[in-house]
Amino acid sequence: MTRTLRGAIALAGATALCLGAVATSGAVQPGAESARQDVKIGLLLPESKTTRYEKFDRPYIEAKIKELAPDAQIDYYNAAESATTQQQQVNTALAKGDKVLILDAVDAKSIQSSVQKAHDAGVKVVAYDRLAQGPVDSYVSYDNRKVGELQGQALLDALGDKAESGQIVMHNGSPTDPNAAEFKAGAHSVLDGKVKIGKEYDTPNWDPNNANQQMSGAISALGKDNIVGVYSANDGLAAGIATALKAAGINVPLTGQDAQLDAIQRILLGTQTITVMKPYKPEADIAAQMAVDFAEGKALPSDLVPTTVTSGSGQKVPANLLTPVVVDKTNIKDTVVKDGLYTVQEICTPTYAAACKEAGLQ
């Protein structure tokens, strides 16, 4: 073999090694790109009767995921208040190859087997707004006991001297929702011993129609003149309750939660006293960040999960609990309007124009 040929072969080998090194080095980037493209997230929300889920939670979560991982695949499911449907939807998400589930459970207890199934398949579960049972990997919500405390205190403040002169009715929300139990406990911690509770209900599926029937029954049982206030765990229930109160010619303090548009308008008219606002975007953004981090194989930073909670099945779950805000007639502009939940135009339709002007919104 000539020296020239040997030199050519050596040069070719060196070039191949060099190209191989470049290819090996460059493989990190295609791999990273592949990881980004493999961000597959299932978003499972519980129902659509409460306007927040389709109007706020879903679009906020999806937008944040796309901001963090533009090529992410998002599979969306709404269980329409059916625990069985949601279990089937988890199965579908797993079959599609979703790497992470953002799960707002219809029934925190019955979904446990589905959470376990996801865990066994190596799929991370982010519990959103409600803490599902089972091996959940992280949780984001609001301080739900604090929500109940704020509602209870607001009702007590609105009752004033009437707190001891009559009875209140309590509507605590769905017995399958762990949040409802926390709202209830928080409210009772404030109200017990300071008011007489004439009737108290758990309201299946957070259904306004159920709340309406329960309130009508309470009015018949207690007498309209003996009811001085109503605790409602959310605005959906408050809508049904307010209808029953109006039909009976009763106007008493009424609480709520979620800052729904119709609730803000009832507050302006004086048929609802307060709502508790849990700004949706911060909660949605945190859930999206958790999901994308998990999908990309990252550990959650401590500032994303600054605390730990214990689920109904005994698991210790890294969590982020945000702070709720009370909204009444005096601070609508500084809360729901300032945060972009609604515009003044959306709130102040002709029906509410006079009330809006009185409240300083127009």
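Heads up: numbering here begins at 1 and tracks the sequence.
Applying the 4.5 Å side-chain rule to ILVMFWY residues, one finds Leu44, Tyr77, Val90, Leu94, Leu101, Leu103, Ile111, Val115, Val123, Val125, Leu131, Val136, Val309, Val317, Leu321 in the same cluster as Tyr139.
For Asn226, there are no side chain to side chain donor-acceptor pair (under 3.5 Å) partners at least two apart in sequence or on another chain. The side-chain contact (heavy atoms from CB on, under 4.5 Å) search around Ala181 returns none, not counting sequence neighbours. Considering only residues two or more places apart in sequence or on other chains, Glu200 meets the side-chain contact (heavy atoms from CB on, under 4.5 Å) condition with Met170, Asn172, Lys184, His188, Ile197. Partners of Tyr53 according to the ring pair (Phe, Tyr, Trp, His ring centres under 6.0 Å) rule, which considers only residues two or more places apart in sequence or in another chain, do not exist here. With sequence neighbours excluded, no residue forms a ring pair (Phe, Tyr, Trp, His ring centres under 6.0 Å) with Tyr352. Partners of Lys55 by side chain to side chain donor-acceptor pair (under 3.5 Å), not counting sequence neighbours: none found.
Pairs of residues two or more places apart, or lying in two chains, never qualify as side-chain hydrogen bond (donor to acceptor under 3.5 Å, both in side chains) while including a residue from residues 242-252. For residues 53-118, no pair satisfies disulfide bond (SG atoms under 2.5 Å apart), with sequence neighbours left out. Applying the disulfide bond (SG atoms under 2.5 Å apart) test to residues at least two apart or on different chains, the pairs with a partner in residues 315-362 are Cys348-Cys356. Sequence neighbours left out, the pairs with a member in residues 152-177 that pass salt bridge (Lys or Arg N to Asp or Glu O under 4.0 Å) are Arg130-Asp177. Identified under the disulfide bond (SG atoms under 2.5 Å apart) test for residues 226-343, with sequence neighbours left out: none.
A donor-acceptor pair under 3.5 Å is absent between the side-chain atoms of Thr176 and the main chain of Asp107, judged by distance alone.
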